[in-house]
Amino acid sequence: MQVHHTGYTPDSVAVVGSGAKVDGMLQKRLQRAGFRVQLLTAEELDQLRPGAIVVNAVCLGGDQAMDLALQVSRTLAADEGGPLVHISSYRVFPGGTRKRYDEEDEPAPNSEQGQFWLACEEALRDRPEVTVLRFGWLVDSAEQALLGHILAAVLSGQPLQLDDQNRGSPVTLDDLCRVVVAVVQQLASGAPRTGTYHYGAADACTAHEFGLEVLERAQSFCDVDLEVALSPLPQAENHSAVLASEKLRDVFGIQQRSWRQGLTRQVELWLERLGSVKPGSNAQ
């Protein structure tokens, strides 16, 4: 039997997930890149292949998975195996500044979720070969996330108020997977195996700006005009949190993408999921 060699060392990756959609997305993308991939739950960490690159994606399971994510991070901290890529969040920062947060800024979360994200990072601080990837706000990770929330309002015709004061660095799951796989590929090709890096969209926006763009894309799939009132929330306390991503570009060569890139397809998929359009329909 002919053996295919990818040139990656190691060529095995373990994705530790929580059962969220992103687990399978990462698995498929890594397999397409040529890796042998294990998809493991928190209870299966004893099955890790020796020397494999580990992608710790448990935190992406949402708020309900944060206790489990901290438990997994502590378990992985005791394992001095191969390189580990830990997925984290902008939530480790308090927000409330117009500057962009870079990797040298000191985390100081002011929410319970942010404290969990930071606790997971700190649990892994002394483990060798850890690469921390902090992402901007995920727009399509669940129906409660911003994209699903907006489209549910669109389909129901309910008015919706969205924050137009605070700016962030939105990221789709598809773009998150692209970045994670690119980092894993380079770690397996000799890139530096420690460090903290940020990634967010090339163009920051508010939730209201995002909502207006989603509404425009959704209209292209509908035969009637969508009469949805999207209005800004009354002025609220500033908690803007835009991430600077130059370090990731300089070390790994990973370029930022606009959050608008691929948005039409994401809207179509969510409308299919919500039962508004048939699979395979085409926007005019």
Side-chain angles (χ1 to χ4, degrees), residues 16-18 20 22 54-77 83-127 129-139 141-142 144-146 163 165-173 175-177 179-180 183 192-201 204-207 236-252 254 256 259:
V16 185
S18 63
V22 68
V54 177
V55 176
N56 184 17
V58 183
C59 288
L60 296 176
D63 295 344
Q64 67 275 11
M66 294 310 292
D67 283 327
L68 180 63
L70 183 54
Q71 173 191 325
V72 168
S73 296
R74 288 169 173 165
T75 300
L76 291 174
L84 186 148
V85 177
H86 175 70
I87 299 176
S88 191
S89 170
Y90 76 99
R91 289 187 176 188
V92 301
F93 298 112
T97 176
R98 293 297 177 182
K99 72 181 285 292
R100 298 185 306 159
Y101 287 104
D102 63 31
E103 292 81 358
E104 302 305 316
D105 288 315
E106 191 69 25
N110 57 4
S111 68
E112 183 178 2
Q113 296 94 334
Q115 291 168 3
F116 264 112
W117 285 101
L118 183 57
C120 290
E121 287 189 20
E122 291 180 336
L124 293 163
R125 178 169 294 172
D126 296 327
R127 186 193 187 278
E129 300 192 85
V130 174
T131 301
V132 176
L133 297 179
R134 293 178 183 148
F135 288 91
W137 44 282
L138 299 178
V139 299
S141 56
Q144 295 75 29
L146 186 56
D163 187 347
Q165 299 293 321
N166 299 292
R167 305 185 69 76
S169 305
V171 180
T172 65
L173 286 185
D175 205 20
L176 178 146
C177 290
V179 172
V180 171
V183 168
R193 296 186 172 186
T194 59
T196 298
Y197 303 89
H198 291 174
Y199 181 82
C205 69
T206 67
E237 182 180 353
N238 179 23
H239 55 268
S240 293
V242 177
L243 298 181
S245 303
E246 288 80 4
K247 182 180 176 183
L248 185 72
R249 179 200 63 200
D250 294 344
V251 175
F252 291 98
I254 298 173
Q256 293 171 276
W259 54 267

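- Within a 6.0 Å sphere centred on CG of D250, other residues, nucleotides and ligands contribute more than 12 heavy atoms.
- Listed here is the closest heavy atom pair of C59 and H86: SG-CE1, 4.2 Å.
- Of all the heavy atoms in V139 and P170, the pair that sits closest is CG1-CB, 3.6 Å.
- Scanning both residues, Y90 and A241, for their nearest heavy atoms gives CD1-CB, 3.7 Å.
- Annotation: side chain to side chain donor-acceptor pair (under 3.5 Å) contacts involving residues 64-73, sequence neighbours excluded, comprise N56-S73.
- Applying the side chain to side chain donor-acceptor pair (under 3.5 Å) criterion to T206, with sequence neighbours excluded, gives D164.
- Taken to the nearest 0.5 Å, the CG atom of D102 stands 9.0 Å off from the NZ atom of K247.
- Distance check, rounded to the nearest 0.5 Å: CH2 of W137 to CZ of R167 gives 10.0 Å.
- Minimum heavy-atom separation, V242 to A204: CG2-CB, 3.9 Å.
- When the options V85, T131, V132, I254 are evaluated for a side-chain contact (heavy atoms from CB on, under 4.5 Å) with Y197, the one that passes is T131.
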Quick one: side chains of residues 106-121, donor-acceptor pairs under 3.5 Å with protein atoms, not counting sequence neighbours, listed by atom name and distance.
{"from": "N110", "atom 1": "ND2", "to": "P94", "atom 2": "O", "distance (Å)": "3.1"}
{"from": "S111", "atom 1": "OG", "to": "G114", "atom 2": "N", "distance (Å)": "3.0"}
{"from": "Q113", "atom 1": "NE2", "to": "D63", "atom 2": "OD2", "distance (Å)": "3.4"}
{"from": "E121", "atom 1": "OE1", "to": "R134", "atom 2": "NH2", "distance (Å)": "2.8"}
{"from": "E121", "atom 1": "OE2", "to": "S88", "atom 2": "OG", "distance (Å)": "2.6"}
{"from": "E121", "atom 1": "OE2", "to": "R134", "atom 2": "NE", "distance (Å)": "2.9"}

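- Side-chain N or O atoms of T172 include one that pairs as donor or acceptor with a backbone N or O of D175 at under 3.5 Å.
- Within the model, atoms CG of L133 and CG of L248 stand 6.5 Å from one another, a figure rounded to the nearest 0.5 Å.
- Salt-bridge check for R125 with E122: passed, with a basic side-chain N closer than 4.0 Å to an acidic carboxylate O.
- Rounding to the nearest 0.5 Å gives a distance of 9.5 Å between OG of S245 and CZ of F135.
- Between L60 and A20, the shortest heavy-atom contact is O-CB, 4.0 Å.
- In this structure a side-chain-to-backbone donor-acceptor pair under 3.5 Å is present from S169 to L243.
- Proximity of a side-chain donor or acceptor of Q256 to a complementary backbone N or O of Y199 within less than 3.5 Å is not detected.
- We find the OG1-CG distance between T194 and L84 to be 12.0 Å, quoted to the nearest 0.5 Å.
- When H198, K99, R100 are each tested for a side-chain hydrogen bond (donor to acceptor under 3.5 Å, both in side chains) with D105, only one passes: K99.
- When all heavy atoms of A123 and R74 are compared, the closest pair comes out as CB-CG, 3.9 Å.
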